[in-house]
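Below: one structure, written as structure tokens.
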Amino acid sequence: MHVVVNAAESVDGKISTREREQLRISGPEDFARVDRLRASVDAVMVGVETVRSDDPSLTLDDESLVATRTADGKSPHPARVVADSRGRTPPEARVLDDTAETYILTSEATTDEYRRSLEEGDATPIVAGSDRVDLGAAFEALAAHGIESIMVEGGGELIFSLFAADLVDELRVYVGSMIVGGRGAPTLADGDGFVGAFPDLSLESVERLDDGVLLEYDVTDADRGD
């Protein structure tokens, strides 16, 4: 599984306000880049908090990209993947519509009723882990469904968990020209944080887009410390 984390953050490293409000950090050039990146992968992934706060569709905006995927024999839109350990995805969430295939990664802590409700709504539940989603096992299950590449769009808890599990291959960060502040505002990688061994990044490129900078990194394998 090839995993690309893509995110936009402020100069001070925030991805939203302390009230978890969605921010417009980048502009049209970066939006187009993100759409092209989405079109290049098999699936787009977010955590359940992102679904609950932003209600994203995770589908392509550019119809020419949809046409290109279709001409290549792929689905019009990449699949959508939500990490949801406790079954908190709202039934009216846009990721549960029939625009694209959707997988909900969940744990044994959810009920059979919840999983059946997903199946009845045309989503595929994947159970991996007893109390929280075991991301490694869940990705193996996704691979069995033909998904070989994933773009992860957030939020910070999910991104941290993926780094902690050594599952990230690339990191692409757009840094917008704004300050958000707030000790409680989410960052690119929240969770418990690393205090021993840190993810090893290799800077591959720097590009100015809109009024900000796109940083692209390769991620090398490293043991993670607590």
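Counting from 1, the numbers follow the sequence of the chain as shown.
- Contact detail for A137 and D134: the closest heavy-atom pair is N-OD1, 3.1 Å.
- In terms of heavy-atom proximity, M178 sits nearest to S10 at O-CB, 3.2 Å.
- Side-chain contact between F139 and L162 is present, with at least one heavy-atom pair separated by less than 4.5 Å.
- Of all heavy-atom pairs between V81 and A43, the closest is CG2-CB, 3.9 Å.
- For the pair Y174/E29, no side-chain contact is recorded, criterion being any heavy-atom separation below 4.5 Å from C-beta on.
- Taken to the nearest 0.5 Å, the CG atom of L142 stands 10.0 Å off from the CG atom of L135.
- Counting heavy atoms from C-beta outward, D190 and F160 have side chains that stay 4.5 Å or more apart.
- Between V11 and V175, the closest heavy-atom pair is CA-CG1, 3.9 Å.
- The neighbour count for R132 CZ, taken as heavy atoms of other residues, nucleotides or ligands under 6.0 Å away, does not exceed 12.
- A donor-acceptor pair under 3.5 Å is formed between the side chain of T50 and the backbone N or O of G155.
- In terms of heavy-atom proximity, A83 sits nearest to L158 at CB-CD1, 4.1 Å.
- Between the CD1 atom of I159 and the CG atom of N6 there is a distance of 8.5 Å, given to the nearest 0.5 Å.
- The shortest side-chain heavy-atom distance between T99 and R80 falls under the 4.5 Å cut-off.
- Look at R69 and D72 and you find no salt bridge, because none of the NZ, NE, NH1 or NH2 atoms lies under 4.0 Å from a carboxylate O.
- Put simply, the side chain of E153 reaches to within 4.5 Å of the side chain of R38, judged on heavy atoms.
- In the hydrophobic cluster analysis, where Ile, Leu, Val, Met, Phe, Trp and Tyr join through side-chain heavy atoms closer than 4.5 angstrom, V219 is grouped together with L203.
- Put simply, the side chain of L167 does not reach to within 4.5 Å of the side chain of M1, judged on heavy atoms.
- No donor-acceptor contact under 3.5 angstrom links the side chains of R115 and T106, judged on distance only.
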Let me see the working for D131 and E108 under side-chain contact (heavy atoms from CB on, under 4.5 Å), right down to the final yes or no. CA-CA 6 Å; D131 187 57; E108 295 173 3; over 6 Å; no
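- Distance CD/E157 to CD/E49: 8.5 Å, rounded to 0.5 Å.
- A salt bridge between D30 and R33 is present, with a side-chain N of the basic residue lying under 4.0 Å from a carboxylate O of the acidic one.
- The line from OG of S161 to CG of D192 is 8.5 Å long, rounded to the nearest 0.5 Å.
- Residues R86 and S107 bring no donor and acceptor atom of their side chains to less than 3.5 Å of each other.
- Using modelled atom types, one side-chain atom of D42 and one backbone atom of S149 make a donor-acceptor pair closer than 3.5 Å.
- A salt bridge between R208 and D211 is present, with a side-chain N of the basic residue lying under 4.0 Å from a carboxylate O of the acidic one.
- V95 and V152 fall into different hydrophobic clusters, where Ile, Leu, Val, Met, Phe, Trp and Tyr side chains are chained together by heavy-atom contacts under 4.5 Å.
- Considering every non-hydrogen atom in both A79 and Y103, the closest pair reads CB-CE1, 4.0 Å.
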